[in-house]
Structures are given as C-alpha cells and as structure tokens.
> 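Pasting in a structure now, in structure tokens, and then I'll have a few things to ask.
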Amino acid sequence: MRALVVDDSAVMRKVVERALRQAGLEISGVLQAANGREALDILRAGEAVDLILSDINMPVMDGLEFLEKCKQDGLASGVPVVMITTEGSELLVVRAIAAGARGYICKPFTPDQIKARVLPLLPRSMHP
Amino acid sequence: MDQHFIDRLDRVVAEVFDLMFEKLCMPSGSCGQTSQGLSASVYFSGSVVGRCTVRMEQVAAEEWTADLIGHGCEELSLLSVDTVGEICNIIAGAWKSGLDDVNSTCSLSSPSFTAGPILLHQNGSTRTLIRAYSSAGRCFGLELSLDEEARVLSSDALSRT
C-alpha cells in the first residue's frame, strides 16, 4: 500500500508513517507533502497512492482546499482521504466530508485509532 | 484566572501527554529558561483572541522527538522545533475544543517558533496564565494569554468551560 501524508509538520508526517506501520499495514511507500500544493504536485506528477492522510490547517494550501482541488481536477479519484487535525469542530468535519473526505481523526491519536479509521476504507487485500 | 480554568488546562495537558507519549504529565513548581530554549506559539482568532505558547529546552525537545519517531534518528535536532510546535498545536486545539459552542469556533494559526529567551508584550486587556509541567523527568512551560476585549462572551462564560 502506498500512502500520501500531507502535513506542514515534518515530525507529524513521520508520526503518521510510524503509526501506519505499527498498525500492521504493508506499506510499500509513503510520499510526503508539507502542504496541499505540494500534495497536488505529487498527484499531478502521476504518483499512484492507495490512501491519503491530510492535516487541515496548513500554510500555502490547507487540507480542505487540497481536497476541493483534487475533486475539481479529478485527481486521486476513488482514493480514500482521512483528515488528521487538531481542529475538532463540527463545522470543519462537515466541510471535510462535503469536500470528499472519508474519515476524520483528531490529534493526538494512537496507532490503534489510525488503524480503526483507515482499515475499513482499504480493500481486504491490503489488510494485515 | 480562576481555579476551574487552571484545572481544566492541567487536565487538557495531561490528556495530551497521555495520548501522545503515554506518559504522566503533572504541574510542577517552575521551569527555568535557558538560552538554549525553544518556544512555539499558536494564536487564537475570532470568537477567542489570544495565544498559547509552549517553551522547553532543546535537550527536552529532542528527547520528546525521539519518543515520537524513534531513537537514533539523525534529524532529531532539526525536528525538535517541529515537536515543540506540535505539542503547542495539539494542546491549543484540545483546550479550544472544550470551550462552549460559540467560543470553540475560533481559529488556530499554524505554530510560529522562536529560539532563546522570549520577551512577551502584554497589554492591559490580556489575561495570562503561566504554568510549568513535568513529564518523564523533563519540564516545559506553557502560557495561555487571552485578550479580554476581543471575547464574544463574558469572562464568566469562559471560566465556566
């Protein structure tokens, strides 16, 4: 499974990668982007991913705008997107789901929480 | 700041450290500032205006980073700034989430960083709570400053949260 992790914090990108591996998922690669614009560049370059995990609150381009641009441009169609953020407001959850997110998880999180959120979104062939 | 406000902040910090690091975090007497310290601030805007700042020594920041991403990573020193920012970001987010419906809609900035001693500018309408915490033998300082004049609701409403 290849994942794209989008977060302006380099530490959080590594934490998410570590959590995915600790969840027992077979990760063949983790692409990283520091904001929505970098993530769009990665997808526009033709990189195929099976899962996207994105922060919401980022400089340059936030997670919601990134989702909306993906939808507009037909990028990563069918790839599940899970928002990972400190912002737990109902309004942001609604906006994220409306923009196409399939899930939402608040920091701080444990590997078990990531696993519980991510596994149902992946095909059985990618389950541990 | 009344005791209820202080107790809630202490609970938020303890919960964050329990989930992030699986470690106990308790209020402590004081945290001395050194010239090797790192600070990260997250700003509230909208229904609540203010700032949350976390500061700790570089060594402590590197140790927390190692706890998060594993020891033996060569980039610990570079990533430690990020770690302080994330701790601040997550504490601020968790504190904000516990506010009443109106005030919890305030926005959070991305963290901003400073190295070395900090001089704070405080105007007369700012209410500031300064706390020191200790976890796993490492201490850090936290400041929560709220602008009294910018609040939508009365101080009673905030202190009830």
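Please read these numbers as outputs of a predicted model, since none were measured by experiment.
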> Determine, using the 4.5 Å side-chain heavy-atom cutoff (strictly less than), whether A:L119 and A:V5 are members of one ILVMFWY cluster.
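Yes, A:L119 and A:V5 fall within the same hydrophobic cluster.
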> Is it the case that over 12 heavy atoms from other parts of the model lie below 6.0 angstrom from the CD atom of A:Q72?
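More than 12 heavy atoms, drawn from other residues, nucleotides or ligands, come within 6.0 Å of this atom.
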> Distance check, rounded to the nearest 0.5 Å: B:S110 atom OG versus A:D62 atom CG?
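Between atom OG of B:S110 and atom CG of A:D62 there are 9.5 Å.
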> Roughly how far apart are A:K107 NZ and B:I91 CD1, rounded to 0.5 Å?
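Going from the NZ atom of A:K107 to the CD1 atom of B:I91 covers 13.0 Å.
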> Report the distance from atom OG of B:S107 to atom CG of A:N57, rounding to the nearest 0.5 Å.
8.0 Å
> Please indicate whether B:R131 has more than 12 foreign heavy atoms, meaning atoms of other residues, nucleotides or ligands, lying under 6.0 Å from its CZ.
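Check passes, neighbour count above 12.
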> Could you tell me which portion of B:T83 (side chain, backbone, both or neither) has an atom closer than 4.5 angstrom to a non-hydrogen atom of chain A?
both
> Do you know the tightest heavy-atom contact between A:R18 and B:D67?
NH1-O, 3.3 Å
> B:F44, B:F113: one ILVMFWY side-chain cluster at the under-4.5 Å cut-off?
yes
> I need the B:E86 CD to A:D7 CG distance, nearest 0.5 Å.
5.5 Å
> With a 4.5 angstrom heavy-atom cut-off, could you sort out which part of A:S9 is near chain B: side chain, backbone, both or neither?
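For A:S9, heavy atoms of backbone and side chain both lie under 4.5 Å from chain B.
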> Minimum heavy-atom separation for B:T65 and A:V11, please, with both atom names.
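In terms of heavy atoms, the two residues are closest at CG2-CG2, 4.3 Å.
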> Mark yes when over 12 heavy atoms from residues, nucleotides or ligands other than A:L122 sit less than 6.0 Å from its CG; otherwise mark no.
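Result for CG/A:L122: enclosed.
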> In this structure, are over 12 heavy atoms from other groups packed under 6.0 Å from A:E26 atom CD?
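Counting neighbours around CD of A:E26, 12 or fewer heavy atoms of other residues, nucleotides or ligands fall under 6.0 Å, so no.
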> Checking B:N89 side chain against A:T86 main chain: does a donor-acceptor pair fall under 3.5 Å?
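No; judged by distance alone, with no hydrogens or angles, the pair does not exist.
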> Could you state whether B:L142 and B:L19 fall into the same hydrophobic cluster, counting links through intermediate Ile, Leu, Val, Met, Phe, Trp or Tyr residues with side-chain heavy atoms under 4.5 angstrom apart?
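They do not share one cluster, since no chain of ILVMFWY contacts under 4.5 Å joins B:L142 to B:L19.
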> Working to the nearest 0.5 angstrom, can you tell me the gap between B:L68 CG and A:M12 CE?
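Going from CG on B:L68 over to CE on A:M12, the span is 7.5 Å.
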